[in-house]
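Notes for the one structure printed next.
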Amino acid sequence: MFARDHIKYEALDLPDRMQLSDEQMLIEARSFYDKMKRRHTVRDYSDRLVAREVIEECIRAAGTAPSGANHQPWHFVAISDPAFKKRVREAAEQEERRFYEGGAGHEWLKALEPIGTNDKKPHLEEAPWLIVIFAQRWGHFDDGDRFKNYYVPESTGIAAGFLLTALHHAGLVSLTHTPNPMKFLNEMLGRPDHEKPIMIVAVGHPGEGAKVPKVAKMKKPLDDILTIAE
């Protein structure tokens, strides 16, 4: 994407300008919150399929996220093949067993009790799509030489947030899964060593009897997460 002979600053007039009244801004902000508070992490999926085009458009939206030096240090691998999903589940559960058998430590496991998780991850097979997010330590010029990426964890984290929001906006549910370590995904998915897998996102429609942990509805009030200096 980047060419050595085009590394210079060029200014453009702001191409997309939103002009809302103060009243409309507040309406839009409250409307967005109302939609986002209905986003839930779901572990129970139906067998209803999701079109590839929907996944592509959600990932396209994730790719608009801001990033350090606009290097966009991320790569997404979307998986729908049942055999592939089975392999991902088996490898992930192997790491999860180590985690729940003591690798996590007592305090961490105690913190997870209200969530109700364990080392079994059937959703990795049941969800119609898995999206694996990779963070790229460096990129490449058009001549093949590499360049360093900056603020990689922050940039990729923002893109992941865009992705989850886009999936919810499209009427889908998702689950973020982070087995540790996740290096098995590089070999399994043919990704280079300079990419670090940071997250598996299960995507689909909720099953008929889908449930969420009661604690998941307990969100900190605004006063706990906001300080204003004015």
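Values reported hereafter were calculated over all heavy atoms of this structure, with side chains retained and with hydrogens, waters and symmetry mates removed. Everything numeric here is computed off the predicted structure, so don't read it as measured data.
In this structure, the ring-ring contact (aromatic ring centres under 6.0 Å, His included) partners of H194, at least two apart in sequence or on a different chain, are W138, H140. Qualifying ring-ring contact (aromatic ring centres under 6.0 Å, His included) partners for F99, counting only residues two or more places apart in sequence or in other chains: W108.
When the side chains of ILVMFWY residues are joined at heavy-atom separations under 4.5 Å, either directly or via intervening members, V54 and I131 end up in a single hydrophobic cluster. Transitive grouping of hydrophobic side chains (ILVMFWY, heavy atoms separated by less than 4.5 Å) brings W129 and L167 into a common cluster. Put simply, L130 and I55 are part of two different groups of oily side chains (I, L, V, M, F, W, Y) that touch within less than 4.5 Å, one to the next. I198 and I79 sit in two unconnected hydrophobic clusters of ILVMFWY residues. Membership requires side-chain heavy atoms under 4.5 Å apart, directly or through other members. Side-chain heavy atoms closer than 4.5 Å link hydrophobic residues (I, L, V, M, F, W, Y) into clusters, and following such links, possibly through other members, connects M182 to F84.
K196 is not listed as a side-chain neighbour of Q136, based on a closest heavy-atom distance of 4.5 Å or more. The side-chain heavy atoms of V88 and I200, taken from C-beta on, include a pair separated by under 4.5 Å. Residues T117 and Y100 are in side-chain contact: their nearest non-hydrogen atoms beyond the backbone lie under 4.5 Å apart. The shortest distance between side-chain heavy atoms of V215 and M218 falls below 4.5 Å. Taking the side chain as every heavy atom from C-beta outward, R48 and P128 never approach each other to under 4.5 Å. Counting heavy atoms from C-beta on, the side chains of L14 and D16 never come closer than 4.5 Å. Between T156 and E154 the shortest side-chain heavy-atom distance does not fall below 4.5 Å.
Summarising the geometry of P114 relative to A111, their closest heavy-atom pair is CD-O, 3.3 Å, with the distance given to 0.1 Å. For the pair G63 and W74, the tightest heavy-atom approach, listed with the atom from each and the gap, is O-CZ2, 3.7 Å. Contact detail for P197 and N186: the closest heavy-atom pair is CD-OD1, 3.0 Å. Here the closest heavy-atom approach between residue A159 and residue F76 is recorded as CB-CZ, 4.3 Å. Nearest heavy-atom pair, N149 versus P73, reported as atom, atom and distance to 0.1 Å: ND2-CB, 3.5 Å.
Test L175, V132, I133 against V201 for side-chain contact (heavy atoms from CB on, under 4.5 Å) and you get one pass: I133.
Side chains of E90 and Q94: a donor-acceptor N/O pair is absent below 3.5 angstrom, by distance only. Of the N and O atoms on the side chains of N70 and Q72, at least one donor lies less than 3.5 Å from an acceptor on the other residue. Looking only at atom types and distance, the side chain of Y150 has no donor-acceptor partner in the side chain of S67 under 3.5 Å away.
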(request) Please test Y45 against V173 for side-chain contact (heavy atoms from CB on, under 4.5 Å), starting from the C-alpha separation and ending with a verdict. (result) CA-CA 9 Å; Y45 290 86; V173 296; 3.7 Å; yes
(request) Check step by step if side-chain contact (heavy atoms from CB on, under 4.5 Å) holds for R98 and E95. (result) CA-CA 5 Å; R98 297 191 184 101; E95 301 300 341; 2.9 Å; yes
(request) I would like to know whether K121 and E96 meet salt bridge (charged side-chain N to carboxylate O under 4.0 Å, His left out); could you show each step before the answer? (result) CA-CA 9 Å; K121 307 298 176 184; E96 291 294 301; 3.7 Å; yes
(request) Run the numbers on F162 and I59 for side-chain contact (heavy atoms from CB on, under 4.5 Å), then give the verdict. (result) CA-CA 9 Å; F162 273 41; I59 293 175; over 6 Å; no
(request) Walk me through it: do R43 and I115 pass the test side-chain contact (heavy atoms from CB on, under 4.5 Å)? (result) CA-CA 11 Å; R43 290 176 171 78; I115 305 297; 3.8 Å; yes
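Separating the CD atom in E23 from the CD atom in E28 is a distance of 11.5 Å, to the nearest 0.5 Å. Note that CD of E113 and CG of N118 are 12.0 Å apart. Values are rounded to the nearest 0.5 Å. To the nearest 0.5 Å, atoms NZ (K37) and NE2 (H40) are separated by 10.0 Å. The CG atom of L164 sits 8.0 Å away from atom OG1 of T41, with the distance rounded to the nearest 0.5 Å. To the nearest 0.5 Å, atom CG of residue L172 and atom NE2 of residue H205 are 5.0 Å apart.
Aromatic ring centres of F141 and F147 lie closer together than 6.0 Å.
Here the side chain of H71 pairs no donor or acceptor atom with the backbone of G139 at under 3.5 angstrom. Between the side chain of D119 and the backbone N or O of E93 there is no donor-acceptor pair closer than 3.5 Å. Judged purely by atom type and a 3.5 angstrom limit, S155 has no side-chain atom pairing as donor or acceptor with the backbone of V152. Side chain of T165 to main chain of G161: a donor-acceptor pair is present (N/O by atom type, distance under 3.5 Å, no hydrogens or angles).
In this structure, E125 does not pair ionically with K85, as no charged nitrogen and carboxylate oxygen lie closer than 4.0 Å. Ion pairing of K110 with E107 is absent here, as no side-chain N (NZ or NE/NH1/NH2) approaches a carboxylate O to less than 4.0 Å. Ionic pairing of R38 and D34 is present here: one or more N-O contacts between side-chain nitrogen and carboxylate oxygen are shorter than 4.0 angstrom. With respect to the salt-bridge test (charged N to carboxylate O, under 4.0 angstrom), the residues R137 and E195 do not qualify.
Counted within 6.0 Å of CG on D193, heavy atoms from surrounding residues, nucleotides or ligands total 12 or fewer; the atom is thus considered open. Remark: Y151 OH is loosely packed, at most 12 non-hydrogen atoms of other residues, nucleotides or ligands lying under 6.0 Å away.
Applying the side chain to side chain donor-acceptor pair (under 3.5 Å) test to pairs two or more places apart or on separate chains, those with a residue in residues 167-185 are K35-H169.
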